[in-house]
Amino acid sequence: MNISILAVTSLHKHSPSKTALSLLMLFSVAWGAAGAAQEKSAEPFHPAGWVVIPVDQYRVLRAKAYPVEHDPEPPPLDATLTRVDYDLHVSGELATGRANLTVDVLKDGWVRVPVPAGLLVREARLDGKLVSLVPGPQGKGGVHLCALLSHAGRSVLELDIDVPVTVSAGDESLSLPSTESGVTRAAFDLPRTGIDLRIAGGLISEKSETASSTKWLAYGRGNEALTFTWRKKTEDHHVELPLRIRGSLTQLTSLAEDSTSIYAEANVEVVQGAARQVRIQVPEKITVNQVSGADVADWEIKNGELAVTFLEPVEHSARFVINGEERLPRDGIIDIPLLRLVNAERDTGGVAVEILGAGEIKDQKAEGLEDADATDLGEMVASRQSPALVAFRARPGQAGAVRSLSLNVARYDQQAVLMANVEEARYQVLMSTDGKELVQARYAIRNNQRNFVKVTLPAGATVWSASLAGRPVRPGQSPDGSLLLPLEKSRGGEDAPAFSVEIFYLLKASSWEEKGKQKVTLPSLDLPISRTGVLLYYPPLFRVSAEPGTFRTEEYRAPTSAALGPPIEVGALESAVSPSADAPKSTRTLAEKQRSDDEKKDAMRVLLDSFKAKSSGGKVTGILPVSVSFPAFGPSIFLVSELTSENQFPAAELSFQRDKKAGAR
């Protein structure tokens with residue numbers, strides 16, 4: 001079958017553009033000898049015809065049939081500096097040597113390779129042949145020299161260089177410029193011995209010293225200048241002098257029911273010479289389990305002394321920790337074993353003893369020691385939470401003075417020791433239609449260990465006042481913004497009496513509409529609460545009911561804890577006591593209602609005057625430590641709950657609706 005194609009181009013003279021082209025393709029099919037056979041076949045005969053397509057489509061088809069080969073993309077860089085190796089020898093005010101630059105050329109043709117700035121180049125060679133250096137582009141340090149390379153691939157450019165050596169205040173230094181290379185290696189040879197070398201912009205890998213010279217091998221970061229600074233090593237003869245040390249040893253003894261653990265921190269100060277070993281006197285019954293410290297190499301007990309050996313001679317100071325144990329009596333008169341530094345010019349420190357479990361220290365007898373606060377002996381003692389702990393500081397005097405300590409320890413049943421607990425919490429909440437909530441929170445707490453109670457108020461609350469057992473106090477603040485209220489502490493083993501802690505604060509919530517729901521969120525404490533009562537005063541124009549949840553509705557009951565009882569209620573002062581805030585208005589006595597306003601004003605003025613006198617210039621910052629009366633107003637609803645865990649925000653949800661009858665009246 002033969003196919004012939006005829007392409008005819010015609011110009012349409014009457015066309016508006018006179019440039020329209022059409023391509024006519026004529027397909028003529030000649031069947032030859034096979035035509036007769038095709039006539040006999042069952043297939044129909046297709047006569048020759050024309051196919052017309054636009055020029056644009058023809059060009060697209062031709063481009064697909066004969067694609068154009070594009071040139072490859074050029075490399076992003078003409079050349080890159082892969083490695084720089086320096087070999088320098090210091091002689092006088094110059095360091096002479098060689099710099100080998102390993103260069104990878106990525107582009108065919110002539111390429112400029114910049115030489116690191118700041119080098120004094122005496123000669124340049126490439127493949128053993130001399131090459132010329134030409135000025136390059138203007139850089140931050142001026143005009144840079146460049147080498148011209150003509151072919152792609154890896155080349156090593158050898159440079160004979162000089163680097164100036166600068167002298168300042170007895171220090172000599174030289175600096176190699178930053179090169180932005182992958183690897184920067186520098187061999188540095190100094191014809192002297194007894195040299196102290198410092199390096200900046202890299203690190204020292206090797207050091208070798210002969211009878212007449214010292215050589216260092218260093219690696220730089222590439223993008224920073226590599227600077228060597230050296231000076232002659234100064235001889236220090238004070239390490240050869242007789243050893244003189246001072247020390248401080250703080251010991252913590254923990255008396256448990258069946259064992260005693262001993263933890264001691266030793267700080268040694270070397271006044272003269274160098275200490276390779278420190279000895280500590282250890283009582284016979286103490287078993288040392290571990291001695292740890294950054295400078296400790298080994299330790300050994302021999303002849304009642306603990307010998308602590310250091311990794312290197314200590315010229316200034318060293319610190320290490322001793323852990324040991326001993327079996328002492330459970331109770332009664334107990335002689336506390338004491339560790340002592342040996343051969344120290346001054347032996348300071350202290351001793352702390354704590355009772356683990358249910359017990360307390362009845363009596364104590366010390367010699368060579370004086371009473372101290374736990375915070376005076378450092379964090380190790382100050383961080384202890386034992387309910388019974390005594391601390392002593394070593395009395396100043398001659399080293400080796402006699403020191404002894406004996407305690408009379410009494411043990412109790414385990415259940416008799418109470419840590420801290422809130423036996424009852426009472427809240428009064430005054431709610432207004434514009435969303436303001438005035439809250440009085442009172443807690444009856446028993447405690448014989450804790451120093452503070454952490455109170456986290458709802459977001460946006462503003463504290464008005466706080467008090468402890470009826471006395472106004474200024475609360476502290478923890479790093480997370482919570483309040484820290486001081487607590488009274490009872491001695492271990494005693495039945496700790498309950499005392500009251502009170503907070504007044506104001507909170508802004510959403511305003512009340514015709515009807516809806518309101519959530520009352522109460523403060524969170526880091527102590528568990530046994531019982532909780534909430535007395536809510538709401539606007540008289542609304543009807544309020546409590547939703548099912550943690551709290552349930554009950555008839556009002558007075559607090560069961562004596563600390564929250566009527567004799568001591570929220571008031572301005574101890575001399576101006578207000579009526580019971582928890583009790584409804586109908587239960588207040590006539591005498592309390594008729595209390596003179598002048599009497600209250602005078603009492604408040606006395607309090608403010610005394611507080612201003614103690615403050616600086618009469619100006620007070622923070623929360624004013626005064627108490628105020630709770631303004632109970634409107635109808636109320638009483639809610640109760642039990643067993644609130646620590647760090648939990650108790651919340652009550654209320655449903656309210658405007659009372660149309662009350663509005664009409």
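This one's a predicted model, so the numbers in the text were calculated from it and none came from an experiment.
- In this structure, Arg393 does not pair ionically with Asp373, as no charged nitrogen and carboxylate oxygen lie closer than 4.0 Å.
- In the model, Glu265 has no side-chain atom that pairs as donor or acceptor with a side-chain atom of Thr250 under 3.5 Å.
- Ile355 is listed as a side-chain neighbour of Ile361, based on a closest heavy-atom distance under 4.5 Å.
- Taken from CG in Leu306 to CD in Gln281, the straight-line distance is 11.5 Å, to the nearest 0.5 Å.
- With values rounded to the nearest 0.5 angstrom, Asp335 atom CG is found 9.0 Å from Leu407 atom CG.
- Between Val165 and Val163, every side-chain heavy-atom pair lies at or beyond the 4.5 Å cut-off.
- Note on ring orientation: taking the six-membered ring where Trp is involved, the planes of Phe228 and Phe188 are parallel (angle under 30°, cut-offs 30° and 60°).
- A donor-acceptor contact shorter than 3.5 Å is absent between the side chain of Ser482 and the backbone of Ser478.
- Of all non-hydrogen atoms in Pro337 and Ile286, the two that sit nearest each other are CB-CD1, 3.7 Å.
- At least one donor-acceptor pair closer than 3.5 Å links the side chain of Ser524 to the backbone N or O of Gln648.
- Here Leu133 contributes atom CG and Glu123 contributes atom CD; the two are 10.5 Å apart, rounded to the nearest 0.5 Å.
- Listed by first and then second residue, the salt bridge (charged side-chain N to carboxylate O under 4.0 Å, His left out) pairs involving residues 193-217 are Asp171-Arg198 (not counting sequence neighbours).
- Of all heavy-atom pairs between Phe310 and Ala275, the closest is CD1-O, 3.5 Å.
- Closest approach of Leu81 and Thr179 over heavy atoms only: CD2-O, 3.9 Å.
- Side-chain atoms of Thr309 never come within 3.5 Å of backbone atoms of Gln277 as a donor-acceptor pair (strictly under, hydrogens ignored).
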Next item on the list: Before giving the answer on salt bridge (Lys or Arg N to Asp or Glu O under 4.0 Å), spell out for Asp295 and Arg319 the whole-Å C-alpha distance, their side-chain angles and the decisive distance to 0.1 Å.
Entry: CA-CA 8 Å; Asp295 301 322; Arg319 176 185 176 275; over 6 Å; no
Next item on the list: Go through the steps to decide whether Leu369 and Arg395 satisfy the test side chain to side chain contact (heavy atoms under 4.5 Å, CB included), and finish with yes or no.
Entry: CA-CA 5 Å; Leu369 302 170; Arg395 183 174 299 167; over 6 Å; no
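- Among residue pairs with one or both ends in residues 278-294, those qualifying as salt bridge (charged side-chain N to carboxylate O under 4.0 Å, His left out) are Arg279-Glu305; sequence neighbours excluded.
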Next item on the list: Kindly determine whether Thr96 and Ile161 satisfy side chain to side chain contact (heavy atoms under 4.5 Å, CB included), including the steps that lead there.
Entry: CA-CA 6 Å; Thr96 61; Ile161 61 172; over 6 Å; no
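- For the pair Tyr86/Leu119, a side-chain contact is recorded, criterion being any heavy-atom separation below 4.5 Å from C-beta on.
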Note to self: For Glu172 and Arg192: C-alpha separation, side-chain torsions, deciding distance, then whether salt bridge (Lys or Arg N to Asp or Glu O under 4.0 Å) applies.
What the structure shows: CA-CA 13 Å; Glu172 299 178 77; Arg192 280 181 264 169; 2.9 Å; yes
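- With values rounded to the nearest 0.5 angstrom, Thr260 atom OG1 is found 8.5 Å from Arg327 atom CZ.
- A donor-acceptor pair under 3.5 Å is absent between the side-chain atoms of Asp87 and the main chain of Gly97, judged by distance alone.
- Interatomic distance, Thr227 OG1 to Leu176 CG, rounded to the nearest 0.5 Å: 7.5 Å.
- Under the 4.0 Å criterion applied to side-chain N and carboxylate O atoms, Arg340 and Asp347 are assigned as salt-bridge partners.
- Counting only distance, with no hydrogens or angles, the side chain of Arg244 and the backbone of Gln272 share no donor-acceptor pair below 3.5 Å.
- Side-chain N or O atoms of Glu354 include none that pairs as donor or acceptor with a backbone N or O of Arg384 at under 3.5 Å.
- Side-chain contact between Tyr263 and Val321 is present, with at least one heavy-atom pair separated by less than 4.5 Å.
- Pairing each heavy atom of Val270 with each of Val314, the nearest pair is CG2-O, 3.4 Å.
- There is a side-chain donor-acceptor pair under 3.5 Å between Asp104 and Thr82.
- Side-chain contact between Val84 and Asn100: absent, with no pair of heavy atoms (C-beta onward) separated by less than 4.5 Å.
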Next item on the list: Given side chain to side chain contact (heavy atoms under 4.5 Å, CB included), test Asp371 with Gln364 step by step and report yes or no.
Entry: CA-CA 10 Å; Asp371 293 342; Gln364 57 197 31; 3.8 Å; yes
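- Contact between Val463 and Ile503 at its shortest, heavy atoms only, is CG1-CG2, 4.4 Å.
- Taking 4.5 Å as the limit, every side-chain heavy atom of Asp78 sits out of range of all side-chain heavy atoms of Trp110.
- No side-chain heavy atom of Glu269 sits under 4.5 Å from any side-chain heavy atom of Ile245.
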Item checked: Verdict with reasoning, Val90 to Leu174, per side chain to side chain contact (heavy atoms under 4.5 Å, CB included) -> CA-CA 9 Å; Val90 177; Leu174 66 85; 4.1 Å; yes
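- Defined by atom type and a distance below 3.5 Å, a donor-acceptor pair is present between the side-chain atoms of Thr166 and Ser173.
- Arg98 and Asp160 are joined by a salt bridge, as a carboxylate oxygen and a charged side-chain nitrogen come within less than 4.0 angstrom of each other.
- Of all heavy-atom pairs spanning Tyr505 and Ala461, the tightest one is CD1-CB, 3.7 Å.
- Side chain of Asp526 to backbone of Asn647: no donor-acceptor contact under 3.5 angstrom is found.
- Ile336 CD1 to Phe392 CZ: the interatomic distance, rounded to the nearest 0.5 Å, is 9.0 Å.
- Side-chain contact between Leu126 and Leu149 is present, with at least one heavy-atom pair separated by less than 4.5 Å.
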